[in-house]
Number of protein chains: 2
Amino acid sequence: MDQPRGTRVRGTRQASAVAAALTSLPGFCSAQEIHAELRRRGEAVGLTTVYRHLQVLSEQGAVDTIRDPSGEILYRQCGSTAHHHHLTCRVCGRSVEVEGRVVEQWAEKVAAEAGFTSVDHTVELFGLCPDHSA
Amino acid sequence: MDQPRGTRVRGTRQASAVAAALTSLPGFCSAQEIHAELRRRGEAVGLTTVYRHLQVLSEQGAVDTIRDPSGEILYRQCGSTAHHHHLTCRVCGRSVEVEGRVVEQWAEKVAAEAGFTSVDHTVELFGLCPDHSA
DNA sequence: CTCATAATGATAATCGTTTCTATTATCAGT
DNA sequence: ACTGATAATAGAAACGATTATCATTATGAG
C-alpha cells in the first residue's frame with residue numbers, strides 16, 4: 001500500500017491527455033476510439049498506454065465501463081460516483097445515467113431467495129436516443 | 001423463408017451431440033468447454049461446428065446466452081422460452097432462472113423518460129451458489 | 001442407389017486486449 | 001538546476017475467443 005520512500009505515481013503528458021479526452025467526449029467510447037481521437041488532436045499516445053490508463057481509471061472508479069453488445073469495452077467519465085446504470089445510444093454512444101434502487105433491491109431479493117451470496121449485477125440499457133430514433 | 005424444394009436442414013450426428021451436451025450440462029458453459037466435453041465423451045465434433053450449432057440454437061431461442069465478466073459467451077439450454085434473466089454461480093456456472101417483470105417495467109419507464117426508443121436490456125447476476133459460498 | 005448440396009472441420013484470419021521489453025521521462029534528493 | 005533510480009511509455013509480438021475459408025464428407029430426396 002505505502003510507497004517505498006521517494007517513489008510515487010508520476011504525472012505524465014499521456015495521463016493528462018487520456019483524462020482530457022474522456023472529459024471532452026460526451027458518450028461512451030472504446031479504447032481504440034479514444035486512441036484515434038488523441039491522434040486526431042495531435043497528442044501522440046500509444047494504444048497500450050491508453051488501455052493502461054483506462055484500466056487504472058476504472059479501477060479507481062474515475063470512469064465507468066460497459067460492454068457493448070459485441071463485447072467491446074466502452075469507457076466514459078461519469079458525474080456521480082454513486083452506483084448507477086446507463087442507458088446508451090447504439091448509434092452515437094451518448095448516454096444517460098439512471099439510478100436503479102429498484103433493480104438493486106430486486107437483485108438482492110432474488111439472490112437471497114436462491115441462497116446465493118456475493119452477488120454482483122450488470123445492468124445495461126441500449127437504445128436509440130431522441131436524435132437517432134427512426 | 002421457404003425452402004427451394006428438396007433442400008432442407010439436415011439432421012446430423014454433430015447436431016445431436018451438441019444438443020445432447022447442452023441438455024446434460026447443468027450450468028452455463030462456453031463453446032470451448034462444450035467442445036472439450038464432447039471430446040471427453042468420444043464424440044468427435046469440430047470446434048467450428050460447435051460454434052455454428054450454438055449460434056443457430058441461440059437464434060432459434062433454444063438456448064440462452066450470457067457474457068461472463070471476462071467477455072466470454074456462455075450457453076445454456078433453458079426451460080422457459082419466456083423472457084427471463086439468470087443468476088449464475090461464478091465458480092460452477094450453475095444458474096437459476098429468475099423472472100424480472102420488475103426490471104422490464106423499470107427499463108421501459110426509464111427509457112421513456114429519457115426519450116429513448118428501441119430499448120434493449122441486458123441484466124445478469126453473478127454470485128456464489130450455496131455449494132460455493134465461503 | 002445416386003447425386004446435388006448441406007454440413008463438416010482443419011486451418012487461417014480477425015479483432016480487441018494484454019504482455020514483453022528496450023527506451024524515455026519524471027521527480028526526490030542532493 | 002542536476003542526476004540517477006525507476007515509473008511510464010510504446011511498438012511489436014502474443015493471446016484467446018470467435019469467424020471465415022474451402023476442400024472434403026455425408027445426408028436424404030427422388
Side-chain angles (χ1 to χ4, degrees), chain A residues 1-22 28-60 62-63 65-76 93, chain B residues 1-22 28-60 62-63 65-76 93:
Chain A
M1 286 294 145
D2 44 22
Q3 307 285 346
R5 214 183 83 62
T7 67
R8 188 144 312 170
V9 178
R10 293 175 180 175
T12 63
R13 175 180 63 77
Q14 291 88 340
S16 319
V18 171
L22 278 165
F28 275 92
C29 10
S30 68
Q32 320 238 6
E33 283 169 346
I34 290 166
H35 180 239
E37 172 64 17
L38 289 171
R39 308 211 88 199
R40 207 173 295 130
R41 296 184 187 189
E43 285 280 0
V45 180
L47 178 57
T48 311
T49 304
V50 173
Y51 271 108
R52 183 151 16 84
H53 281 295
L54 289 173
Q55 199 169 280
V56 169
L57 289 169
S58 87
E59 278 167 11
Q60 292 175 343
V63 302
T65 66
I66 58 178
R67 265 176 201 284
D68 77 5
S70 82
E72 228 176 330
I73 300 176
L74 305 181
Y75 302 84
R76 152 111 200 252
Chain B
M1 283 301 143
D2 43 23
Q3 306 285 348
R5 214 187 81 63
T7 68
R8 189 144 310 172
V9 178
R10 293 176 180 174
T12 63
R13 174 179 63 78
Q14 291 90 339
S16 319
V18 172
L22 278 165
F28 274 92
C29 13
S30 69
Q32 321 241 4
E33 283 170 346
I34 290 167
H35 179 239
E37 172 65 18
L38 288 172
R39 307 211 89 198
R40 208 172 296 129
R41 295 184 187 189
E43 285 279 2
V45 181
L47 180 56
T48 309
T49 303
V50 172
Y51 272 107
R52 196 170 2 193
H53 282 294
L54 290 173
Q55 199 170 282
V56 170
L57 289 169
S58 86
E59 278 166 12
Q60 293 176 342
V63 302
T65 66
I66 59 178
R67 262 174 204 285
D68 77 4
S70 82
E72 229 176 328
I73 300 176
L74 306 181
Y75 303 84
R76 153 111 200 250

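Here is how names work: the chains are called A, B, and so on, in the same order as the sequence lines, proteins then strands, and each is numbered from 1.
- Rounded to a whole Å, the CD atom of E33(B) is 15 Å from the P atom of dG16(D).
- Across the protein-nucleic acid pair, Q32(A) atom CD and dC15(C) atom C1' stand 8 Å apart, rounded to whole Å.
- Separating the CD1 atom in I73(B) from the CD atom in Q55(B) is a distance of 8.5 Å, to the nearest 0.5 Å.
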Within the sub-3.5 Å range, which N or O atoms of nucleotides 2-4 of chain D have a protein N or O partner, and how far apart are they?
none

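- When every heavy atom of S58(B) is checked against every heavy atom of T65(B), the shortest pair comes out as CB-CG2, 3.7 Å.
- For L57(A) and dA8(D), the CG to P distance is 13 Å, given to the nearest whole Å.
- Open room surrounds CZ on R39(A); 12 or fewer heavy atoms of other groups in view lie less than 6.0 Å from it.
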> Given T48(A) and R52(A), is the side-chain contact (heavy atoms from CB on, under 4.5 Å) satisfied, shown in steps?
Replying inline: CA-CA 6 Å; T48(A) 311; R52(A) 183 151 16 84; 4.2 Å; yes
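- Whole-Å rounding puts the D68(A) CG to dG16(C) P distance at 10 Å.
- Checking the phosphate oxygens (OP1, OP2) of dT25(D), no side-chain nitrogen or oxygen of R13(B) falls inside 4.0 Å.
- Rounding to the nearest 0.5 Å gives a distance of 10.5 Å between CG of L47(A) and CG of L38(A).
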> What's the verdict on side-chain contact (heavy atoms from CB on, under 4.5 Å) for R13(A) and V45(A), showing C-alpha distance, side-chain angles and the deciding distance?
Replying inline: CA-CA 9 Å; R13(A) 175 180 63 77; V45(A) 180; 4.3 Å; yes
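- Using a 4.0 Å cutoff on non-hydrogen atoms, the parts of residues 35-56 of chain B near DNA chain D are T48(B), Y51(B), Q55(B), ordered by number.
- Heavy atoms of G71(A) sit nowhere under 4.0 angstrom from any nucleic acid atom.
- Separating the CG atom in L22(A) from the CG atom in L54(A) is a distance of 6.0 Å, to the nearest 0.5 Å.
- Between the CG atom of L74(A) and the P atom of dC15(C) there is a distance of 17 Å, rounded to whole Å.
- The interatomic distance linking I73(A) (CD1) with dG16(C) (C1') rounds to 8 Å, in whole Å.
- Between Q14(A) and dA8(D), a side-chain N or O to OP1/OP2 separation shorter than 4.0 Å is absent.
- Note that CD of E72(A) is 10.5 Å distant from SG of C29(A), once rounded to the nearest 0.5 Å.
- Rounding to the nearest 0.5 Å places NE2 of H53(A) at 12.0 Å from CD1 of I34(A).
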